[in-house]
**Student:** 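Pasting a structure here, questions to come.
The first residue in the sequence is number 1, and the count goes up from there.
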Amino acid sequence: MSSTTNNDDEFNVQKSKFSAYDRLSCENSPMNMSPWNQSCNLNATNDDDDDNDDVTKNNRKICLIGSLVREEGHIYSLATKNDLLYTGSDSKNIRVWKDMKEFSAFKSNSGLVKAIIISGDKIFTGHQDGKVRVWKVQPNNPSSFKPAGTLPTFFDIFKASIRPSNYFMSAKHNKASIWIKHWDAISCLSMDHNHGLLYSASWDRTFKVWRADSSKCLESVKAHEDAVNSVVASADGVVYTGSADGTVKIWQREFTPKTIRHVLVHTLLNQECAVTALAVNKSGSVVYCGSSDGVVNFWEKEKKSWTHGGVLKGHKLAVLCLESAGNLVFSGSADKNICVWRKEGCVHTCLSMLTGHNGPVKCLAVEQDKESTTSDQKWVLYSGSLDKSVKVWSVSEMAPIMHNGDVQ
């Protein structure tokens, strides 16, 4: 691939053309690291010091629970479901964790694990070699995971290879390739659980649509002029893609009696620096875009049109991953930090900058905390880094805002 913006170890900061929106969502959002956000010390109280009491209360709202460290490779992907955490690394291993301890593991021969997604009893993993592997949990042994195939299947490749119309010239290898196969690294996976559709995005500039139950490739979309770094499928039939070509595109899914197709309906962003991560909130009303310049842009949906809401500035280097949960947004960066943002109306406020990783934060995953209530929504955040560790954080939506280290 000719572009260097899709290299996981290079984080070139480029000047964006998007300066017309160069403003903060909230001018008072704190950007400085605070000493309280690195760990959770619930016993450190001082009855004679009101300020210390406030900070201790806040520590209960946002804190580090622990770290998962296994010196075998950089962490590139995370997924969580039913109290299990799946971690993928460049060691080719997928490890499964439960209650902060290793629960199981399985290994692929397909290169580093760049993406993981879970659907029912199946686990899909996307790899550097352009393949999507399928694994199944054994019903009689929940700690046993067996290989269940590869996307596309050997039979589908053989069937497609018979017809000349199924071939195209790949730019990287300068040779004919079959459209149902990715010819470069998988960068991201997303799932439309309502319709059983799996989406795979690749550095080959396409995203592909798969039927999760049959492993059949339904469509291949030439989406961008450079590597597709992120794909997100929302519940309302809309798909978002972000690319190293600096664009964010919106695709509408259309069903016909025999086929499925995705139609480009809008380009949200067109800038010089690479789009590196996307996230969409649960209702599909807000989309977030992280870029190689360290900025997070966001748009809000009003009826059928999108309005640019502003930018979130909390990082010094490229934003590598984004997650949305409830009223919170999490951004992980090559600067080794994670920003926690809370959305209130149209304003986003930075609640905390989580520090502690010794390498770029490459991936995030989030699940609802068991102690969460309607009055106090709590989340467990997992952060994977190129420092070979995963950190586990507890984050409450009720955390007070910190200004220059003081609780407000």
**Student:** Donor-acceptor check, side chain of Ser67 to backbone of Lys391, threshold 3.5 angstrom: yes or no?
**Tutor:** no

**Student:** So, for Trp306 and Ser285, which heavy atoms are closest and what is the spacing to 0.1 Å?
**Tutor:** CZ3-O, 3.8 Å

**Student:** Does one side chain, of Glu344 or Asn327, offer a donor that lies under 3.5 Å from an acceptor on the other?
**Tutor:** no

**Student:** Nearest 0.5 Å, what's the OG-NZ distance between Ser220 and Lys222?
**Tutor:** 10.5 Å

**Student:** Drop me the distance from Asn229's CG to Leu278's CG, to the nearest 0.5 angstrom.
**Tutor:** 9.0 Å

**Student:** For Phe103, is there any backbone N or O sitting under 3.5 Å from a side-chain donor or acceptor partner on Arg95?
**Tutor:** no

**Student:** One thing to verify: whether Asp184 and Arg205 come together as a salt bridge, which I'm taking to mean a side-chain N less than 4.0 angstrom from a carboxylate O.
**Tutor:** no

**Student:** Apply salt bridge (Lys or Arg N to Asp or Glu O under 4.0 Å) to residues Glu397 and Lys378 and explain how you reach the verdict.
**Tutor:** CA-CA 6 Å; Glu397 293 192 13; Lys378 293 182 180 179; over 6 Å; no

**Student:** With no hydrogens and no angle check, do the side chains of Trp97 and Thr87 hold a donor and an acceptor under 3.5 Å apart?
**Tutor:** yes

**Student:** Between Asn281 and Ser324, is any side-chain donor less than 3.5 angstrom from a side-chain acceptor?
**Tutor:** no

**Student:** Please determine whether the number of non-hydrogen atoms from other residues, nucleotides or ligands lying under 6.0 Å from atom CD of Glu225 exceeds 12.
**Tutor:** no

**Student:** Who pairs with Ser333 by side chain to side chain donor-acceptor pair (under 3.5 Å), at least two apart in sequence or on another chain?
**Tutor:** Asp335

**Student:** Say whether Asp156 and Thr153, considering side chains only, have a donor N or O and an acceptor N or O under 3.5 Å apart.
**Tutor:** yes

**Student:** Dump the intermediate steps for salt bridge (Lys or Arg N to Asp or Glu O under 4.0 Å) on Glu219 and Lys208, then the final yes or no.
**Tutor:** CA-CA 6 Å; Glu219 187 186 18; Lys208 299 189 190 298; over 6 Å; no

**Student:** Quick one: does Ser292's side chain have a donor or acceptor within less than 3.5 Å of a partner on Ala318's backbone?
**Tutor:** no

**Student:** Taking atom types as modelled and ignoring hydrogens, do the side chains of Ser383 and Trp393 form a donor-acceptor contact shorter than 3.5 angstrom?
**Tutor:** yes

**Student:** Give me the one residue out of Phe145, Tyr86, Phe124, Phe106 that meets ring-ring contact (aromatic ring centres under 6.0 Å, His included) with Trp135.
**Tutor:** Phe106

**Student:** Measure the acute angle between the ring planes of Tyr288 and Phe298, then classify it against the limits of 30° and 60° as parallel, tilted or perpendicular.
**Tutor:** tilted

**Student:** I need the single residue from Phe255, Tyr199, Tyr240 that forms a ring-ring contact (aromatic ring centres under 6.0 Å, His included) with His262. Which is it?
**Tutor:** Tyr199

**Student:** So do the side chains of Lys61 and Asp376 get within less than 4.5 Å of each other, counting heavy atoms only?
**Tutor:** yes

**Student:** So, Lys362 side chain and Ser77 main chain: donor-acceptor pair closer than 3.5 Å or not?
**Tutor:** no

**Student:** Side chain to side chain contact (heavy atoms under 4.5 Å, CB included) between Leu269 and Thr247: does it pass, once the steps are laid out?
**Tutor:** CA-CA 5 Å; Leu269 176 64; Thr247 63; 6.0 Å; no

**Student:** Mind checking the OG-CZ spacing from Ser234 to Arg253? Nearest 0.5 Å is all I need.
**Tutor:** 8.0 Å

**Student:** Between the side chains of Asn297 and His308, is a donor N or O closer than 3.5 angstrom to an acceptor N or O?
**Tutor:** yes

**Student:** Considering only heavy atoms from C-beta outward, does the side chain of Val238 approach that of Ile250 to under 4.5 Å?
**Tutor:** yes

**Student:** Output, in order, the C-alpha distance, side-chain angles, deciding distance and verdict of side chain to side chain contact (heavy atoms under 4.5 Å, CB included) for Ser89 and His74.
**Tutor:** CA-CA 5 Å; Ser89 72; His74 306 300; 5.9 Å; no

**Student:** Establish, from distance only, whether the side-chain atoms of Trp210 and Ser200 form a donor-acceptor pair under 3.5 Å.
**Tutor:** yes

**Student:** With no hydrogens and no angle check, just 3.5 Å: does a side-chain donor-acceptor pair link Thr355 and His357?
**Tutor:** no

**Student:** Counting distance only, does the side-chain N/O of Ser202 pair as donor-acceptor with the main-chain N or O of His182 below 3.5 Å?
**Tutor:** no

**Student:** Is any side-chain heavy atom of Lys114 closer than 4.5 Å to a side-chain heavy atom of Trp203?
**Tutor:** yes

**Student:** Answer yes or no: is there an ion pair linking Lys388 with Asp90, defined by an N-O contact shorter than 4.0 Å?
**Tutor:** no

**Student:** Quick one: does any side-chain atom of Ser385 pair with a main-chain N or O of Pro360 as donor and acceptor, under 3.5 Å?
**Tutor:** yes

**Student:** Keeping the roles fixed (side chain from Asn358, backbone from Asp387), state whether a donor-acceptor pair exists under 3.5 Å.
**Tutor:** no

**Student:** Counting only heavy atoms not in Lys336 (residues, nucleotides, ligands), do more than 12 fall under 6.0 Å from its NZ?
**Tutor:** no

**Student:** To the nearest 0.5 Å, what is the distance between CG on Leu312 and OG1 on Thr349?
**Tutor:** 9.5 Å

**Student:** Would you say that Val287 contacts Leu268 through its side chain, given a criterion of any heavy-atom pair below 4.5 Å between the two side chains?
**Tutor:** yes

**Student:** Has Glu371 got more than 12 heavy atoms of other residues, nucleotides or ligands less than 6.0 Å from its CD?
**Tutor:** no

**Student:** Sub-3.5 Å donor-acceptor pair from the side chain of Lys343 to the main-chain atoms of Gly345, do we have one?
**Tutor:** yes

**Student:** Less than 3.5 Å apart, any donor N or O on the side chain of Thr241 or Trp251 sitting next to an acceptor on the other?
**Tutor:** yes

**Student:** Decide yes or no on side chain to side chain contact (heavy atoms under 4.5 Å, CB included) for Ile260 and Leu197, but give the supporting numbers first.
**Tutor:** CA-CA 11 Å; Ile260 181 176; Leu197 298 177; 3.7 Å; yes

**Student:** Measure the spacing between CD of Glu367 and NZ of Lys81 and express it to the nearest 0.5 Å.
**Tutor:** 12.0 Å

**Student:** Answer yes or no: are there more than 12 heavy-atom neighbours, outside Lys136 itself, under 6.0 Å from its atom NZ?
**Tutor:** no

**Student:** Please say whether more than 12 non-hydrogen atoms of neighbouring residues, nucleotides or ligands are located less than 6.0 Å from CG in Asp99.
**Tutor:** no

**Student:** Within the distance-only criterion (no hydrogens, no angle test), does the side chain of Ser243 pair as donor or acceptor with the backbone N or O of His224 below 3.5 angstrom?
**Tutor:** no

**Student:** Using a strict cut-off of less than 4.0 Å between a Lys/Arg side-chain nitrogen and an Asp/Glu carboxylate oxygen, indicate whether Lys92 and Glu72 qualify as a salt bridge.
**Tutor:** no

**Student:** May I ask you to test the Lys301-Thr307 pair for a side-chain heavy-atom distance under 4.5 Å?
**Tutor:** no

**Student:** State, with a plain yes or no, whether a side-chain heavy atom of Leu78 is found less than 4.5 Å away from one of Val390.
**Tutor:** yes

**Student:** Roughly how far, to the nearest 0.5 Å, is OG1 of Thr125 from CD1 of Ile186?
**Tutor:** 10.0 Å

**Student:** Please examine the side chains of Tyr382 and Cys363, heavy atoms only from C-beta on, and report whether any two atoms are closer than 4.5 Å.
**Tutor:** no

**Student:** Testing the basics here: between Ile157 and Pro152, what is the closest heavy-atom pair and its distance to 0.1 Å?
**Tutor:** CG1-CG, 3.6 Å

**Student:** Decide yes or no for Arg261 and Thr256: does some side-chain heavy atom of the first lie under 4.5 Å from some side-chain heavy atom of the second?
**Tutor:** no

**Student:** What heavy-atom pair brings Ser215 and Leu151 nearest, and what distance separates the two atoms?
**Tutor:** CB-CD2, 3.0 Å

**Student:** State, without any angle test, whether Thr150 and Arg133 hold a side-chain donor-acceptor pair at a distance under 3.5 Å.
**Tutor:** yes

**Student:** Can a side-chain donor-acceptor contact be found between Gln271 and Ser291 if the only test is distance below 3.5 angstrom?
**Tutor:** yes

**Student:** For Leu84, is there any backbone N or O sitting under 3.5 Å from a side-chain donor or acceptor partner on Thr80?
**Tutor:** yes

**Student:** Would Val295 and Val319 satisfy side chain to side chain contact (heavy atoms under 4.5 Å, CB included), going step by step from the backbone distance to the final call?
**Tutor:** CA-CA 7 Å; Val295 168; Val319 175; over 6 Å; no

